[in-house]
Amino acid sequence: CQEAVQSAAVCRGASDGSAAGAELGFRKGAQRIRSEEAQHDPALPPWFASYDPGAAKSILNNGRTCRVVFDDTFDRSVLRGGPIQGAYRLRQLHFHWGSSDDHGSEHVVDGVKYAAELHMVHWNPKHGNFAPALKQRDGVAIVGVFLKVGKTLKREMKRILEEMESIKTKGKETPFLHFDPSILFPKSRDYWTYEGSFTTPPCEECVTWILLREPIVVSPDQMAKLRSLSMNTENEPFHPLVDNWRPQQPLKGRVVRASFK
Ligand SMILES: CCOC(=O)CCc1ccc(S(N)(=O)=O)cc1
Ligand SMILES: [Zn+2]
C-alpha cells in the first residue's frame, strides 16, 4: 500500500459522487482545489507543530518514495489546532514528485501542478495505534506542502537530500537523527482543509488534509537529487523513481475550507 508510483489503482470516489459516496469512497484521492470555491471559515484556528528533533529515526527508499520515519510511541512530535481536535502524532514524512518541474504534486490548485509535494503524516492517539486510526474518520491528519522550483535552494532540505546517495535503491534505509521537520514549513500558516483519504492504497477515508497555501522553493539541483532515486533494488535493472504522484480526483461537491480570505 502506501505512497505508490502512479499506477492504474487510483483512489477514486464513488462514481456518481452521491451523498452515499461519503460512505462509498466519496472522500478518496487528492483533490483539485479551486481557490475561489474554497469557503473561508473564520472559525478555523491556526495549526501548530511541536516536534522533538530527537524523534527522528531513519530515512528510507521503499521503491515508491523517500520517507523519514519518526518515533510515535508517545506524544513526542505532535500537530495541534487547525481543523483537528487534540494532538496528532507525527509518524512519517514523504514526497511525491514528477519527471519534470511542471508536474509532480498530488493536489492541484487552480490548475497549477507543482514540481513536488511533501506529506507529513500524523495520527490520532485516541485510537490507540496507527492501524486502528486508519479506520476512523478522525484518524489521520496530513500536512501537505507544495515544492516549486526556483533560483534559490531550500537549505532546510539539504540534510534530507544529502541522504539520497545512501538510499539510492529500494529497500535501503539509514539512520536519520536530530531533525525537526518543522524547518521545512513555509513562512505562511495559511491553509486549505478538507476531509479526504490517503492518495494511494489503502485509500482509507480517514484523513483530514491541511494543505499549505504557500509553496516552499527548492533549486533545480535539489529536485534532481530527489529524481536520482531508483524504484529498483540494487540487484534489479535501473528504473528511475519519478512520477510517484496520483491523478487528482474531482471534488464532487466536497467542501474545502480556507483559513484565509
Ligand atoms: C495499511 C497501512 O496503510 C498505511 O500505512 C497508509 C500509508 C500512507 C500514508 C500516507 C499516504 S498520503 N500520500 O496520502 O500522504 C498514503 C499512504
Ligand atoms: Zn503522500
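Whatever order the structure lists ligands and atoms in, that order sets their numbers, starting from 1. The structure presented is a predicted model; accordingly, all values stated were derived computationally and were not measured.
Between the side chains of Ser182 and Asp180, at least one donor N or O lies within less than 3.5 Å of an accepting N or O. Neither side chain, Ser219 nor Asp221, offers a donor N or O lying under 3.5 Å from an acceptor on the other. A donor-acceptor pair shorter than 3.5 Å can be found between the side chains of Glu195 and Thr208.
Proximity to His96 (heavy-atom distance under 4.0 Å) selects the following atoms of ligand 1: 13 (N). Atoms of ligand 1 found under 4.0 Å from any heavy atom of His119 (numbered from 1 in listed order, with element): 12 (S), 13 (N), 15 (O). Proximity to Glu106 (heavy-atom distance under 4.0 Å) selects the following atoms of ligand 1: 13 (N).
Looking at His119, its N, O or S atom nearest to the Zn ion (ligand 2) turns out to be ND1.
In this structure, the side chain of Asn61 does not engage the main chain of Lys172 through any donor-acceptor pair within 3.5 Å.
Ligand 1 lies within reach of Trp209, whose nearest heavy atom is under 4.0 Å from it.
Taking only nitrogen or oxygen atoms, main chain and side chain alike, Thr200 does not reach within less than 3.5 Å of ligand 1. Ligand 1 has no nitrogen or oxygen under 3.5 angstrom from a nitrogen or oxygen of Ser197.
When heavy-atom distances to ligand 1 are checked against a 4.0 Å cut-off, Leu134 comes that close only through its side chain, counted from C-beta outward. If you look at Ile142 next to ligand 1, the close heavy atoms, those under 4.0 Å, all belong to the side chain. Proximity of Glu204 to ligand 1, defined as any heavy-atom pair under 4.0 Å, is not found for any part of the residue.
A side-chain hydrogen bond (donor to acceptor under 3.5 Å, both in side chains) with His107 holds for exactly one of Tyr194, Trp192, Trp245; it is Tyr194.
Evaluated by nearest non-hydrogen atom to atom 8 (C) of ligand 1, the leading choice among Trp245, Phe198, Phe95, Trp123 is Phe198.
Here Lys57 does not pair with Asp72 in a salt bridge; the nearest charged N to carboxylate O distance is not below 4.0 Å.
Residues meeting the side chain to side chain donor-acceptor pair (under 3.5 Å) test with Lys154, sequence neighbours left out: none.
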(message) Please determine whether side chain to side chain contact (heavy atoms under 4.5 Å, CB included) holds for the pair Phe130 and Gln92, giving the CA-CA distance in whole Å, both sets of side-chain angles, and the decisive distance to 0.1 Å.
(response) CA-CA 11 Å; Phe130 181 65; Gln92 53 112 321; over 6 Å; no
